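Down below is the structure, laid out as structure tokens.
In what follows, chains carry the letters A, B, and so on, assigned in the order in which the sequence lines appear, proteins first and then strands, with residues in each chain numbered from 1. Only a predicted model underlies this, so the values are computations on that prediction, with no experimental measurement involved.
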Amino acid sequence: MGLDFSVVPAWMDTILLGVLWTIAITVTAALLSFVGGILLAVIALYAPWIVRQPFRFFAWLFMGTPLLLQLFLIYFGLIQIGIDLPAFVAGFIGLGLHFAVYNSELIQTAIIAVDTGQMEAARTLGLSRTQALRKVVVPQAVRDVIPPIGNNMIALLKDSALVSVIGVTELTLSAQLAIGRTYRPFEFYLVAAVCYYVINLGMEAVLRRIERRIALSR
Amino acid sequence: MSDTQHFVEIRHARKNYGYIEVLKDISLNVERGQIVAIIGPSGSGKSTLLRAINDLDPLTEGEVWLDGVQVNKKLPHRQYEKHINQMREHVGMVFQHFNLFPHLTVRENVTMAPKLLKGISNEDANKLAEEQLAHVGLLDRIDYYPSRLSGGQKQRCAIARALAMKPKLMLFDEATSALDPELVEEVNLVMKKLAEEHMTMIIVTHEMDFAASVCDRVLFMDQGYVVEEGPPEVVFKNPKEERTRAFLRKHLGGAK
Ligand SMILES: Nc1ncnc2c1ncn2[C@@H]1O[C@H](COP(=O)(O)OP(=O)(O)OP(=O)(O)O)[C@@H](O)[C@H]1O
Ligand SMILES: [Mg+2]
């Protein structure tokens, strides 16, 4: 039985809907991981010990355990304590927090690397430490780690396939649905692969634009 | 509530880093509109003294007063933070290495603090930026990022940034030491202009000619002490102390 792509067009709606969900969960989780990464980095570096400790545990949990387990924990585990999240929400939170922890590691290193003269200059003008962090130090740190954060976001796109296991009909699950009905795994997985590749290209184009804009200010 | 007579008053300032005493009982008064130069060998404590004035390097002991208010008064942490931030709005500082904000344009460097701390409108902020940058001769670079400025332009931008807060006092820590020789003059000219406008300034410098021509008073520091102070004619031409003479022999490029 050779390859036969003639079955694909009939399922194109399903696949494209899957593409949209994949993009939706990737973009929302990426935003969460970005904002969360900044907050976690600032907490890790500047919060009092008593605040830092629970967050260290949190970081350890999200770095030291499989993402799949984290998704199960958020989707199935939280129901037990009365938090019944829709699959999409559970998926975006899980993915977002997971990558927030990784982004936070990058941002922490970058914050430490920002010249101390920057904080001094800001404080000299009358800014509080929080204002100086927000306006001067953190923006520079983030700017410095946009390329590696971009790599994390590409990884996030690929890992978004994992949310299929909690029933988010993103691209991978959509392909599986089509396969279940047509028994054409090779064709549909190939189609899905091409879709991921195209989304990936789109993300890289966006990242390059951002990096170019940043380069202007160097 | 003013129990000082002087505009800036430093009383019995001491500063320790561990066992090392960097400032040893320094007292200093500066009057409104005065321009004071601090000279002295490397490591003598010039920067530490300057940075104590806006509490960037807090004193171990002693008091700093500005315009009748104690800068380093004892307050609970949170209150102190508020107090010191307010005090710093009145004290501009210029650093050897400029410390411009590289992620902001020249305009944004100048307007960031006034917008954030004084809540001025965008329109007023732009007017302020144009005014301050015209003052330092940098209006044509207003939308550049600092990376595209020469050293002299960077330092003039840093001065405009400090002036935009309308400080009562300006502190300069070797503002021209990091500049190529041919760029020193453009920064000196800006400082001279400020002098003519009667800005109160304390200037740490290695440029004896500049100190002699601009300043009302010169302080010579060595090993944490103010060894000698007086008008530039006296300190440069007729120093009383042997240590001052030795220093000047090495550093005088011919101040007349
Ligand atoms: N953070 C610090 N920890 C320990 N010692 C310090 C610290 N900062 C400064 N010192 C020491 O304090 C002394 C005075 O330093 P300061 O920077 O005030 O000297 P300076 O007169 O400004 O010298 P320069 O002309 O080289 O700038 C030096 O011996 C220096 O090593
Ligand atoms: Mg110094």
Taking atom CZ of A/Phe72 as the centre, does the number of heavy atoms from other residues, nucleotides or ligands within less than 6.0 Å exceed 12? yes
Could you have a look at B/Ile84, B/Leu116, B/Asn54 and say which one has the most heavy-atom pairs with chain A under 4.5 angstrom? B/Leu116
Kindly check if the number of other-residue, nucleotide or ligand heavy atoms within 6.0 Å of CD (A/Gln80) is above 12? no
Donor-acceptor pairs under 3.5 Å, side chain of residues 22-39 of chain A to any protein atom, not counting sequence neighbours: which ones?
{"from": "A/Thr22", "atom 1": "OG1", "to": "A/Gly18", "atom 2": "O", "distance (Å)": "3.2"}
{"from": "A/Thr22", "atom 1": "OG1", "to": "A/Leu171", "atom 2": "N", "distance (Å)": "2.9"}
{"from": "A/Thr26", "atom 1": "OG1", "to": "A/Thr22", "atom 2": "O", "distance (Å)": "2.6"}
{"from": "A/Thr28", "atom 1": "OG1", "to": "A/Ala24", "atom 2": "O", "distance (Å)": "2.8"}
{"from": "A/Thr28", "atom 1": "OG1", "to": "A/Ile25", "atom 2": "O", "distance (Å)": "3.2"}
{"from": "A/Ser33", "atom 1": "OG", "to": "A/Ala30", "atom 2": "O", "distance (Å)": "2.8"}
{"from": "A/Ser33", "atom 1": "OG", "to": "A/Asn103", "atom 2": "ND2", "distance (Å)": "3.2"}

Which residue out of A/Gly126, A/Gly117, A/Ser128 racks up the most heavy-atom pairs below 4.5 Å with chain B? A/Gly126
Answer yes or no: does atom CH2 of A/Trp21 have more than 12 heavy-atom neighbours from other residues, nucleotides or ligands under 6.0 Å? no
Looking at A/Arg143 and B/Pro102, what are the two nearest heavy atoms and their distance? NH1-O, 3.6 Å
Is it the case that over 12 heavy atoms from other parts of the model lie below 6.0 angstrom from the NZ atom of A/Lys158? no
In terms of heavy-atom contacts, does CD1 of A/Ile50 have more than 12 from other residues, nucleotides or ligands at under 6.0 Å? no
Heavy-atom distances under 4.5 Å only: say whether B/Phe95 touches chain A with side chain, backbone, both or neither. side chain
Nearest 0.5 Å, what's the CE-CD distance between B/Met112 and A/Gln131? 9.0 Å
Side-chain ion pair, A/Glu120 and B/Arg51, N-O less than 4.0 Å: yes
Test item: B/His103 side-chain N/O and A/Lys135 main-chain N/O as donor-acceptor pair under 3.5 Å: yes
Is it the side chain or the backbone of B/Leu100 that comes within 4.5 Å of chain A heavy atoms, both, or neither? backbone
Salt bridge A/Arg123-B/Glu81, side-chain N to carboxylate O under 4.0 Å: yes
Heavy-atom distance under 4.5 Å to chain A: side chain of B/Met165, backbone, both or neither? side chain
Heavy atoms only: give me the nearest A/Leu125-B/Leu117 pair and the separation to one decimal. O-CD1, 3.4 Å
Could you give the distance from CG (B/Asn85) to CG (A/Leu127), rounded to the nearest 0.5 Å? 8.0 Å
Chain A contacts, top residue of B/Ala164, B/Pro114, B/Gly92, B/Ala113 (heavy-atom pairs, under 4.5 Å): B/Ala113
Atom of A/Ala121, atom of B/Arg161 and distance for their closest heavy-atom approach: CB-NH2, 3.5 Å
